[in-house]
Amino acid sequence: MTIYLATNNAHKLKEITPLFPGHLILKTINDLGFTGDLPETGKTLEENAKQKAKIIWNKYKVPCFADDTGLEVYALGGEPGVYSARYAGRHCSAEDNVSLLLKKLESKTNRNARFRTVIALFLDGEQYFFEGKINGKISEIRKGIGGFGYDPVFIPEGYETTFAEMEFEEKNKISHRAKAVRALVEFLTFQKIQVLPKSFL
Ligand code: IMP
């Protein structure tokens with residue numbers, strides 16, 4: 001089976017590609033010639049993931065999926081959550097987002113946080129969702145140069161290093177995105193679609 005990933009984010013593609021086994025062929029929306037926008041205007045990760053995948057399904061009617069990820073910080077009531085990409089403002093950089101996060105946490109002693117990824121899959125007109133989470137905490141300062149986004153300040157539970165200090169393979173073994181992708185791959189591999197109800201699109 002060939003399945004298309006609805007993203008323009010090269011970091012995500014780099015992390016997701018090695019998680020796909022040989023019997024599932026992963027292609028991108030570039031392979032479809034899609035050059036349009038994939039807006040994220042939903043109020044939840046689920047809505048955003050669905051919104052992005054649905055654009056590709058509606059246009060090409062091919063098996064496709066999209067992920068949406070949020071960093072949920074306990075002391076900030078779950079912020080930045082679904083607004084992780086534009087926490088410091090619509091046109092701000094990851095640097096700006098991390099700076100704002102560290103500033104908001106300056107006076108907080110509880111630095112617990114988690115990453116949550118939701119994948120929306122469109123397959124034969126059906127939609128399915130998969131989730132992956134990882135608990136951790138936000139460091140006082142940035143550490144490491146790997147990864148992307150909030151990686152320099154996220155220390156996963158059971159580790160002393162941030163995601164950005166880890167080897168690529170290590171993050172990709174334990175991360176929120178890896179867990180969600182593994183659930184997707186398992187679903188596709190064992191064809192659980194055969195026992196799920198038909199179309200509600
Ligand atoms: P998106 O909406 O799924 O693209 O993700 C929202 C934002 O969360 C991104 O712009 C990144 O800043 C951040 N993000 C997503 N995944 C990761 C990750 O694996 N590590 C660190 N930050 C991430």
Side-chain angles (χ1 to χ4, degrees), residues 5 7-20 26 40 42-49 52 65-120 129-186:
L5 170 58
T7 187
N8 291 313
N9 184 326
H11 292 288
K12 288 184 179 179
L13 182 62
K14 185 177 170 206
E15 290 187 2
I16 292 171
T17 302
L19 300 170
F20 264 69
L26 180 66
E40 300 176 345
K43 289 198 165 49
T44 62
L45 299 177
E46 285 78 3
E47 279 175 29
N48 278 348
K52 290 184 278 189
F65 70 100
D67 88 315
D68 202 52
T69 294
L71 175 67
E72 299 172 339
V73 180
Y74 182 83
L76 302 177
E79 276 186 22
V82 72
Y83 303 108
S84 294
R86 50 187 192 281
Y87 194 35
R90 190 160 288 278
H91 300 294
C92 285
S93 64
E95 274 287 305
D96 299 329
N97 290 334
V98 170
S99 297
L100 178 61
L101 177 68
L102 291 179
K103 191 160 176 35
K104 287 204 179 198
L105 284 176
E106 260 168 17
S107 59
K108 311 283 187 196
T109 46
N110 184 334
R111 302 182 73 92
N112 291 342
R114 70 176 182 185
F115 272 117
R116 193 161 73 88
T117 289
V118 173
I119 286 177
F129 293 92
F130 306 89
E131 188 185 57
K133 294 183 268 198
I134 183 162
N135 292 328
K137 60 177 191 264
I138 305 300
S139 61
E140 307 270 339
I141 55 166
R142 293 172 171 83
K143 288 188 218 151
I145 55 166
F148 68 105
Y150 298 89
D151 280 350
V153 293
F154 184 81
I155 303 172
E157 204 167 73
Y159 288 77
E160 299 294 323
T161 55
T162 66
F163 265 163
E165 291 178 291
M166 283 181 182
E167 295 294 329
F168 171 83
E169 291 76 14
E170 188 67 21
K171 177 190 172 190
N172 222 26
K173 224 187 279 170
I174 62 169
S175 82
H176 44 297
R177 183 167 298 101
K179 288 175 183 164
V181 171
R182 279 200 288 268
L184 167 72
V185 164
E186 188 182 338

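Numbers for residues simply follow the sequence, beginning at 1.
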### Query
CD of Glu72 to CG of Asn112: how many Å apart, nearest 0.5 Å?
13.0 Å
### Query
Any idea which heavy atoms bring Ala66 and Ala49 closest together, and the distance?
CB-O, 3.5 Å
### Query
Looking only at atom types and distance, does a side-chain atom of Tyr150 sit under 3.5 Å from a main-chain N or O of Leu101, one as donor and one as acceptor?
no
### Task
Provide the closest heavy-atom pair for Ser84 versus Gly70 in the form atom of the first, atom of the second, distance.
OG-CA, 3.5 Å
#### Entry: Which atom of Phe129 lies closest to which atom of Ala120, heavy atoms considered
CE2-CB, 3.7 Å
### Task
Would you mind reporting whether Arg114 and Asn135 have side-chain heavy atoms less than 4.5 Å apart?
yes
### Task
Determine, for Glu15 against Lys12, whether the closest basic-nitrogen to carboxylate-oxygen distance falls under 4.0 angstrom.
no
### Message
With heavy-atom distances below 4.5 Å as the criterion, would you say the side chains of Arg116 and His176 are in contact?
### Response
no
### Query
Roughly how far, to the nearest 0.5 Å, is OG1 of Thr161 from CD1 of Ile155?
7.5 Å
### Query
So do Ile138 and Phe154 actually touch side chain to side chain, heavy atoms under 4.5 Å?
yes
### Message
Is there a side-chain contact between Leu5 and Phe65 in this structure, where contact means two heavy atoms from C-beta onward sitting under 4.5 Å apart?
### Response
yes
### Query
If you take all heavy atoms of Thr162 and Ser139, which pair is closest and at what distance?
CG2-OG, 4.1 Å
### Query
Can you name the closest pair of heavy atoms from Pro80 and Leu71 and give their distance?
CD-O, 3.1 Å
### Query
Does Tyr87 offer a backbone N or O that forms a donor-acceptor pair with the side chain of Asn97 under 3.5 Å?
yes
#### Entry: Residue pair Lys14 / Asn172, side-chain heavy-atom distance below 4.5 Å
no
### Aromatic ring pairing Phe115/Phe163, orientation class (parallel under 30°, perpendicular over 60°, tilted between)
parallel
### Query
Is it true that the side chains of Asp96 and Ser99 contain a donor and an acceptor less than 3.5 Å apart?
no
### Residue pair Ile174, Met166: steps toward the side chain to side chain contact (heavy atoms under 4.5 Å, CB included) verdict
CA-CA 11 Å; Ile174 62 169; Met166 283 181 182; 3.9 Å; yes
### Summary
Heavy-atom closest pair (Lys173 atom, Arg182 atom, distance to 0.1 Å) is O-NH2, 2.9 Å
### Sidechain-backbone polar pair: Arg111 side chain, Leu105 backbone, donor-acceptor under 3.5 Å
yes
### Query
Could you state the interatomic distance from CZ (Arg86) to CD (Glu40), rounded to the nearest 0.5 Å?
6.5 Å
### Straight-line distance of Leu76 CG to Lys108 NZ, nearest 0.5 Å
6.5 Å
### Message
For the CD atom of Glu170 and the OG atom of Ser175, what is their distance to the nearest 0.5 Å?
### Response
11.0 Å
#### Entry: Spacing of Asp68 atom CG and Arg177 atom CZ [to the nearest 0.5 Å]
9.5 Å
### Query
Taking atom OH of Tyr74 as the centre, does the number of heavy atoms from other residues, nucleotides or ligands within less than 6.0 Å exceed 12?
no
### Inter- and intrachain pairs under salt bridge (Lys or Arg N to Asp or Glu O under 4.0 Å), touching residues 151-167, at least two apart
Asp151-Lys171
### Test item: Lys179 side-chain N/O and Glu131 main-chain N/O as donor-acceptor pair under 3.5 Å
no
### Task
Please examine the side chains of Asp67 and Val181, heavy atoms only from C-beta on, and report whether any two atoms are closer than 4.5 Å.
no
